[in-house]
Amino acid sequence: MFNAVLFAGNEPDGAVIEQLAVESGEVSFQKTLYRYPQTFELAQVLNAASPDLIFLDLSESASALAVASQARAHSSKAAVIGFGGGWQAFRQHDLELAGITDLLMSPVTLKSFRESVERAIQKQQGGVQENLIAFLPSKAGSGATTIALNTAGYLAGAADKSRSKKVLLIDADLHSGVISILLDVKPRWSVLDALENAGELDYTSWSNYAVKVHDVDFLISDPTRKVQASWTGYHHLLDFAARRYDHILVDLPEVINDATVEIVRRAKSVFVVCTPELPSMALAPQRCQELESRGVPAEKITVVINRWHKGEITAAQAREIMNHPVILFRNDYGAVSRAARAYDFVKPGSKLGDSFGEFARKLAGEPETGGGPLSFLRFGS
């Protein structure tokens, strides 16, 4: 839920906006004024409400733009959404200079209200979250969960406790997530519970939702609950977690939806995981194109070819096909199988374990060790 304030020129117009906020389930008005506040009163309202959004009636355009400028100077975090007819008297450039983030055009519907809120929040509070990494498969069964799980373990110090970091892994495959099976845990609360209450998260509630296993915190899915998440839930959850972890990894299903798009837009890096088999390889470029169509810059996307064997496609050949950087993880079914039976990460000292260690160092911005692991883990440029 986003905190908001409303400044409307008249009560009927303001009531429409308030009703849409209730119906959306995304916006909660902390203060409503049916007039334009003076500078001192505006500062009081913004200090008390700490809004994410300011809804501003533009009917009296000159007064409204003055309020918008003062509001943005006082609260740079808040996005300003203009509504009413006054905006027609100004060029887009003038509105932007005054601090209007988005316009809610007439006729105002629930759909247009929600779209305006999303655009405004993304424009004002969007940007790259430096500690956020996303993994998704080109098709189910490509091993994205194995890559994400073991990368989290090695970032948390599976190979060297002296360099461990605080790591969170979010199982965002709400309908088919298997991390609970791989770790043999059955938490009372799931990631969906955290998402549904993301706007009110605090230390106590977080300790109920996050499950620590092998020094990694997990938010685990519950496939028995067939409920959809919202982008606002992920927005608030990631905001809360960003300050508490060195690294946040997200294991996604193969198709990005209107909720999980919040994750890939914010992520510093997005890894599309495939295998050398034809169907998986063929779908990988499609997944990359889908990400780009959702606003993910191409330079953030890397393709991981999992279960690779020597003599198959090279990194250079794969790079030509994918048109993105490529990483090859050689196949080591035995190491993965032993880890699964032990409900643990792939062991350090194995070739695959060393590869995960090298990959984790690269993600953490640490120097590569060179030698053995790099002959097993290949980065194509």
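Source: prediction; values computed, not measured.
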Colleague: Under a plain distance cut-off of 3.5 Å, with no hydrogens placed, do Ser116 and Asp102 share a side-chain donor-acceptor pair?
Modeller: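 Yes - a donor-acceptor pair under 3.5 Å links their side chains.
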Colleague: For Gln44, look at atom CD and say whether over 12 heavy atoms of other residues, nucleotides or ligands are found less than 6.0 Å away.
Modeller: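 Check passes, neighbour count above 12.
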Colleague: Will you find, in the side chains of Thr145 and Asp251, an N or O donor that is under 3.5 Å from an N or O acceptor?
Modeller: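 Checked: Thr145/Asp251 side chains pair up, N/O donor to acceptor below 3.5 Å.
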Colleague: Mind running salt bridge (Lys or Arg N to Asp or Glu O under 4.0 Å) on Lys268 and Glu130 for me, showing each step along the way?
Modeller: CA-CA 5 Å; Lys268 180 180 181 180; Glu130 292 293 327; 3.6 Å; yes
Colleague: Checking Asp193 side chain against Trp189 main chain: does a donor-acceptor pair fall under 3.5 Å?
Modeller: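 It does not hold such a pair.
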Colleague: Could you tell me the separation between the NE2 atom of His235 and the CD1 atom of Ile263, rounded to the nearest 0.5 Å?
Modeller: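 Output value for this atom pair is 13.0 Å.
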Colleague: Measure from NZ or CZ of Arg361 to the centre of the six-membered ring of Phe359, then state whether that distance is under 6.0 Å and the direction lies within 45° of the axis.
Modeller: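 No cation-pi geometry.
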Colleague: Salt-bridged, Glu41 to Arg35, with N to O below 4.0 Å?
Modeller: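 Counted as a salt bridge, because a side-chain N and a carboxylate O are separated by less than 4.0 Å.
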Colleague: Return yes if a side-chain donor-acceptor contact under 3.5 Å exists between Glu262 and His236, otherwise no.
Modeller: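 No, because no side-chain N or O of Glu262 sits under 3.5 Å from a partner of the opposite role on His236.
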Colleague: Under 4.0 Å between a Lys/Arg side-chain N and an Asp/Glu carboxylate O for Lys31 and Glu18?
Modeller: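 Salt bridge between Lys31 and Glu18, a charged N being under 4.0 Å from a carboxylate O: no.
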Colleague: Check the pair Tyr245 / Phe240 against ring-ring contact (aromatic ring centres under 6.0 Å, His included), numbers first and verdict last.
Modeller: CA-CA 10 Å; Tyr245 294 92; Phe240 181 86; 8.9 Å; no
Colleague: Going by atom types only, do Ser221 and Ser190 share a side-chain donor-acceptor pair under 3.5 Å?
Modeller: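 No, Ser190 and Ser221 have no side-chain donor paired with an acceptor closer than 3.5 Å.
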Colleague: Taking the basic N atoms (NZ, or NE/NH1/NH2) and the acidic carboxylate oxygens, is any pair closer than 4.0 Å for Arg294 and Asp258?
Modeller: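 Yes.
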Colleague: Donor-acceptor pair, Thr101 side chain versus Ala79 backbone, under 3.5 Å?
Modeller: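 Checking the backbone N and O of Ala79 against the side chain of Thr101, no donor-acceptor pair under 3.5 Å is found.
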Colleague: Among side-chain atoms of Gln228 and Ser230, is any donor-acceptor pair under 3.5 angstrom?
Modeller: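 No - no donor-acceptor pair under 3.5 Å links their side chains.
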Colleague: Which of these passes side-chain contact (heavy atoms from CB on, under 4.5 Å) with Phe218: Val213, Val185, Leu168, Leu249?
Modeller: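 Only one of Val213, Val185, Leu168, Leu249 forms a side-chain contact (heavy atoms from CB on, under 4.5 Å) with Phe218, namely Val213.
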Colleague: Could you tell me whether Lys77 and Asp52 make a salt bridge, using a distance below 4.0 angstrom between a side-chain N and a carboxylate O?
Modeller: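 Yes, Lys77 and Asp52 are salt-bridged.
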